[in-house]
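For reference, the structure is listed below as structure tokens.
Labels below follow one simple rule: chain letters A, B, ... track the order of the sequence lines, proteins then strands, and each chain is numbered from 1.
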Amino acid sequence: MIQVQLPDGSVKEYADGTSALDIAKGISERLAKACVAAEVNGTIVDLVRPLNEVPSEGPLQFKLLTEKDAKAVGVLRHSTAHVMARAIMRLYEGVGLAFGPTTGNGFYYDFDLATPISEDDFPKIEAEMQKIANEAEPFERFYLDRDKAIEFCRDLKQDLKVEHMQTGLSAHETVSFYRQGEFVDLCRGPHIPDAGRIKAFKVLSVASAYWKGDANNKRLQRVYGTAFFSKDDLKEYLDQVEEAKRRDHRVLGKQHNLFNISNDVGQGLSLWLPKGASIRATLEDFIKKELLQRGYTPVYSPHIGRVEMYETSGHFPYYRESQFSPIFGHDAGQLVDYWIRKINEGNLQNAEEKQFAETAKIMGCEVAGDALRASTKEDKIKILHDWERTQERYLLKPMNCPHHVQMYKSQQRSYRELPVKLAEFGTVYRRENAGSLNGLLRVRGLTQDDAHLFCTPDQVEEEFKSTLDLVKFVLGSVGLDDYRVQLSLRDSKNKEKYVGSDEGWNSAEATLRHVLESVGLPFTAQEGEAAFYGPKTDFMVKDCIGREWQLGTVQLDFNLPERFNLEYIGPDNKPHRPVMIHRAPFGSMERFVGMLIEHFAGAFPLWLAPEQLRICPVTDNANEYAAKVQAQFRAEGFRVTTDLRSAKVNAKIRDAQLDLIPYMLVVGPKDAEAGAVSIRDRIGGKDLGMLPMAQAIEMLKKEAIERTVRQVVKSKFRSFDEDQGEMFAG
RNA sequence: GCUGGUGUAGCUCAGUCGGUAGAGCGCGUCCUUGGUAAGGACGAGGUCAUGGGUUCAAGUCCCAUCACCAGCCCCA
């Protein structure tokens with residue numbers, strides 16, 4: 001017998017071999033039909049799977065999942081991935097199956113297939129999938145011992161599955177398969193009961209991917225698709241994808257002259273054009289004021305710093321590959337640096353080393369001969385390292401923290417002055433892979449709205465809370481109030497990727513968890529996402545069409561204070577180690593503005609709009625009055641321009657409307673006579689009528705000062721980026 | 001960085017079979033002086049991404065490089 005606890009708390013007993021479907025049928029036939037899968041003790045299982053297969057102490061926590069449950073759609077998508085794979089195997093010869101997991105809003109399946117699949121092939125793949133859906137065959141789970149399973153897959157000529165079982169699944173004694181008609185796949189499951197449940201799906205795109213994500217491995221074709229329980233949901237999703245394309249900040253940025261990334265300047269290096277710069281400056285002014293009120297002190301630091309400093313902090317060794325090469329003050333610097341690396345790699349030939357030494361000598365490195373003659377690897381490296389340290393070596397700064405640490409150290413600190421909060425819009429440089437650059441969202445030079453808080457261990461919780469509060473406030477002020485927090489923890493299996501002691505990490509992670517719980521912020525923990533020096537809380541912010549962005553971050557750091565020997569004098573008159581909090585509410589100005597462009601689709605609210613008002617004189621006769629109006633609004637702090645073209649007012653209004661100017665001030669003889677302006681609202685194109693100057697100024701000022709966000713999006717989109725908890729891999 | 005695709009006027013794009021380049025928008029000048037989404041005429045703008053090659057002849061075919069786009073990898 002098995003004991004099952006239903007969501008209402010009642011516990012019932014069923015015979016061994018009872019499935020979720022049996023239980024559902026026991027409740028009602030209709031419920032049984034509406035069910036997709038079941039959640040048992042937190043894991044999702046097939047409806048038809050005997051429940052006694054789920055190990056449990058005490059009664060099974062049982063819940064039926066219907067089409068309405070967010071978790072159910074993941075099951076549907078994974079099954080659709082199987083159906084797609086089946087369709088592709090029917091259409092092509094020699095299809096090798098790799099993995100076919102679900103993603104945030106769909107699924108993909110990787111195929112090892114000689115024939116390239118192109119977009120033109122999608123209709124026939126979809127047609128075949130539809131056929132399979134119509135056949136409505138069940139998904140059947142079965143088990144094999146691993147050895148048998150390997151034989152089985154070998155017979156099926158599924159070499160990748162064989163390899164996976166020999167490596168990734170080597171610890172498993174038995175493995176599960178799913179059969180659906182002639183299609184069999186090694187798969188953990190779960191699946192929907194039968195393919196007839198698949199009603200709305202689409203093959204979306206094809207791209208290349210590598211077996212197990214490793215570029216040294218075989219190249220596969222990854223076919224993406226998505227599925228929903230209803231055609232309406234599918235359409236809504238596809239509409240959202242279209243809407244996202246329409247909002248692309250790279251397109252809008254070009255159209256409205258917000259920013260430019262010029263090849264002549266360099267990849268990933270953004271140029272803020274006047275209008276984009278205006279948005280950024282407005283945001284920066286806003287934050288600066290807020291920080292002053294919250295006890296931060298602004299500081300400035302240079303764009304480069306000595307390599308040694310970043311060696312101490314750990315940034316240089318940890319991120320060497322994604323940094324620009326150091327700036328060497330000595331001609332031989334780069335050569336010696338390369339030489340050391342070769343020695344470290346341990347495959348340096350004698351002849352090669354001789355050449356290094358000779359060249360370095362010619363370039364003026366006088367210790368090159370000594371290094372060549374030194375007997376051990378360690379001695380060589382020491383000689384070269386010592387020489388390097390006497391030379392100038394600068395790094396374009398990849399992070400602001402070491403600079404701020406030095407500021408903290410520049411004077412003796414008492415516990416009385418803590419927390420010290422140093423804030424800077426600090427520009428940092430990172431050599432991101434060329435292939436991952438993306439408009440303003442991923443750049444090589446970026447400015448963080450950065451600050452570092454140095455506090456006593458006792459202050460950590462409170463300061464951490466207050467920074468979370470700041471992030472919430474700042475996001476709210478631009479109308480972003482839908483977000484969740486991701487608690488990014490260390491990867492407990494790869495501790496060597498991080499600096500610092502276990503105790504330090506454990507207590508830092510516990511502190512973050514505790515604070516998040518105490519302030520009641522919803523959060524999800526994610527292992528392996530921490531920074532190398534400490535755990536983070538990242539704000540995952542949803543924009544108005546439901547997409548999630550990783551923006552602000554608050555990080556706790558016990559390590560840099562240790563590495564830089566930071567101290568403060570405590571009430572006991574003894575030195576103590578402070579704790580650092582790193583935080584950036586926006587993250588980077590580039591990324592944040594890029595996101596805002598997409599969030600507002602280029603139509604910024606009054607307080608952020610680069611051009612807030614445009615004066616449209618009705619005729620040339622009104623130009624003189626327009627100039628007076630402009631001067632008055634400028635004096636009140638508005639960003640305003642006047643359209644002086646000899647065009648009809650209709651044309652001026654049309655252009656202002658398309659330029660997404662929040663308000664147009666139409667002025668003609670009537671207004672001049674009344675000392676008024678006629679206001680047109682961009683939203684809805686409403687004519688607000690003639691208002692006396694003073695009144696118009698007051699009304700617009702109020703909206704700007706209150707940072708009112710009147711409109712973000714016309715359409716109603718919901719989030720498709722929901723975390724579905726589990727990923728299904730097949 | 002890897003794989004694939006793309007690169008023609010300021011922007012969006014057309015350019016057939018290899019025969020010295022075109023549209024719309026924008027821009028400039030002139031006419032027009034109009035009250036809430038496009039008034040008209042004329043004009044200027046291109047080393048067809050860059051460098052090679054094939055050819056009597058290359059925007060078009062081939063090779064390399066660079067950049068961009070999509071995906072992968074990465075993201076302090």
Reference residue A:D248; test salt bridge (charged side-chain N to carboxylate O under 4.0 Å, His left out); the match among A:R250, A:R246, A:K245: A:R250
Whole-Å gap separating C1' (B:U32) and NZ (A:K652): 13 Å
Reckon A:Y625 has a side-chain N or O less than 4.0 Å from the OP1 or OP2 of B:G35? no
Quick check on side chain to side chain donor-acceptor pair (under 3.5 Å): which of A:R680, A:R682, A:K652 does A:Q657 satisfy it with? A:R680
Does any donor-acceptor pair link the side chain of A:T619 with the base of B:G34 at a separation under 3.5 Å? no
Send over the distance from A:N260 CG to B:G10 P, rounded to a whole Å. 13 Å
Determine whether any donor atom in the side chain of A:S313 lies under 3.5 Å from an acceptor atom in the base of B:A76, or the reverse, and answer yes or no. no
I need the CG-C1' distance between A:D643 and B:U36, as an integer number of Å. 13 Å
Answer yes or no: side-chain N or O of A:R444 and base N or O of B:C75 forming a donor-acceptor pair under 3.5 Å. no
Short question: side chain of A:E463, backbone of A:C455 - any donor-acceptor pair under 3.5 Å? no
Just the rounded figure in Å: distance from P of B:U3 to CD of A:Q221. 15 Å
Heavy atoms only: give me the nearest A:Q555-A:A531 pair and the separation to one decimal. OE1-CB, 4.2 Å
Given Watson-Crick or G-U pairs with both distances under 3.5 Å, what dot-bracket string fits RNA chain B, with | for other-strand pairs and [ ] for crossing? (((((((..((((.....[..)))).(((((.......))))).....(((((..]....))))))))))))....
By nearest-heavy-atom nucleotide on RNA chain B, the more 5' of A:A207 and A:Q657 is A:Q657
Assign A:S678 to base, sugar-phosphate, or nothing according to its heavy-atom contacts below 4.0 angstrom with the strands shown. base
Nearest-Å distance, CD (A:Q555) to P (B:C75)? 14 Å
Between the base of B:G35 and the side chain of A:D671, is there a donor and acceptor pair under 3.5 angstrom? yes
How would you label the contact of A:Q323 with the nucleic acid (heavy atoms, under 4.0 Å): base, sugar-phosphate, or nothing? base
Considering heavy-atom distances to RNA chain B, does A:A209 or A:R431 have its closest nucleotide positioned more toward the 5' end? A:R431
May I ask you to check whether A:F638 and A:F633 place their ring centres under 6.0 Å from each other? yes
Considering only B:U33, B:G1, B:C75, which nucleotide approaches the side chain of A:N433 most closely? B:G1
Identify which nucleotide among B:A38, B:C74, B:A76 has an atom closest to any side-chain atom of A:R654, counting heavy atoms from C-beta outward. B:A38
Distance check needed: B:G71 P versus A:R442 CZ, whole Å only. 13 Å
Which one, B:A37, B:A76, B:C73, comes nearest to the side chain of A:L658? B:A37
Output the rounded distance in Å from CG (A:L446) to P (B:C75). 15 Å
Does the aromatic ring of A:Y318 sit over the six-membered base ring of B:A76, closer than 5.5 Å centre to centre and tilted less than 30°? no
For the C1' atoms, the ones on B:A9 and on B:C27, what distance do you get once it is rounded to whole angstrom? 11 Å
Measuring from the side chain of A:A651 (C-beta onward, heavy atoms only), which nucleotide among B:G34, B:G39, B:U12 has the closest atom? B:G39
Would you please name every residue forming a side chain to side chain contact (heavy atoms under 4.5 Å, CB included) with A:A244, sequence neighbours left out? A:I545, A:R547
Distance check, C1' atoms only: B:U8 and B:G59, in whole angstrom units. 7 Å
In whole angstroms, the gap separating P of B:A38 from CZ of A:R645 amounts to 13 Å
Hey, does the side chain of A:K536 come within less than 4.0 Å of B:A76's phosphate (OP1/OP2), counting only N and O? yes
Below 30° counts as parallel, above 60° as perpendicular, anything between as tilted: where do the rings of A:H582 and A:H452 land? perpendicular
Rounding to an integer number of angstrom, what distance separates B:G53 and B:G26 when you compare their P atoms? 43 Å
Looking only at atom C1', what distance separates B:A38 and B:G24, rounded to whole Å? 13 Å
B:U47 versus B:C11 - spacing of their P atoms, nearest Å: 13 Å
Scan nucleotides 65-69 of chain B against the protein and return all N/O pairs shorter than 3.5 Å with their distances rounded to 0.1 Å.
{"residue": "B:A67", "atom": "OP1", "partner": "A:Q267", "partner atom": "OE1", "Å": "3.1"}
{"residue": "B:C68", "atom": "OP2", "partner": "A:Q267", "partner atom": "NE2", "Å": "2.6"}
{"residue": "B:C69", "atom": "OP1", "partner": "A:R250", "partner atom": "NH1", "Å": "3.0"}

Using the C1' atom in both, what is the distance from B:G39 to B:G34, to the nearest Å? 9 Å
Please classify the nucleic acid contact of A:V666 as base, sugar-phosphate, or nothing, using heavy-atom distances under 4.0 Å. base
P atoms of B:C48 and B:C25, separation to the nearest Å: 25 Å
Is the centre of the A:F111 ring less than 6.0 Å from the centre of the A:Y109 ring? yes
Pairwise C1' distance for B:G7 and B:U60, with rounding to whole Å: 14 Å
Selected nucleotide, minimal atom distance to A:P669 side chain, candidates B:U36, B:G35, B:C75: B:G35
Can the ring centroids of A:W211 and A:F99 be said to lie less than 6.0 angstrom from one another? yes
Under the criterion salt bridge (charged side-chain N to carboxylate O under 4.0 Å, His left out), which of A:R614, A:R645, A:K648 is the partner of A:D655? A:R645
Do A:R222 and B:A70 share a donor-acceptor pair, side chain to base, under 3.5 Å? no
Of the candidate nucleotides B:C72, B:A76, B:G35, which contains the atom at the shortest distance from the side chain of A:Y224? B:C72
For B:C75 and A:R591 - does any side-chain N or O of the residue sit under 4.0 Å from the phosphate oxygens OP1/OP2? no
I'd like to know if A:S646 reaches the base of B:U33 with its side chain such that a donor and an acceptor end up less than 3.5 angstrom apart. no
If you look at every strand shown and take non-hydrogen atoms under 4.0 Å, does A:G685 touch a base, only sugar-phosphate, or nothing? nothing
Donor-acceptor pair under 3.5 Å, A:N650 side chain vs B:U36 base: no
Using a strict 4.0 Å threshold on nitrogen-to-oxygen distance, state whether A:D659 and A:K275 make a salt bridge. no
Indicate whether any N or O donor in one side chain lies under 3.5 Å from an N or O acceptor in the other, for A:Y310 and A:Q323. no
Taking the six-membered ring for Trp, are the ring centroids of A:Y319 and A:F532 within less than 6.0 Å of each other? yes
Test item: side-chain donor near acceptor, A:N400 and A:E424, under 3.5 Å: no
With sugar-phosphate meaning primed atoms plus P, OP1 and OP2, does A:A656 contact a base, only sugar-phosphate, or nothing at under 4.0 Å between heavy atoms? nothing
Regarding B:G53, purine or pyrimidine glycosidic angle vs 90° from 0 gives anti
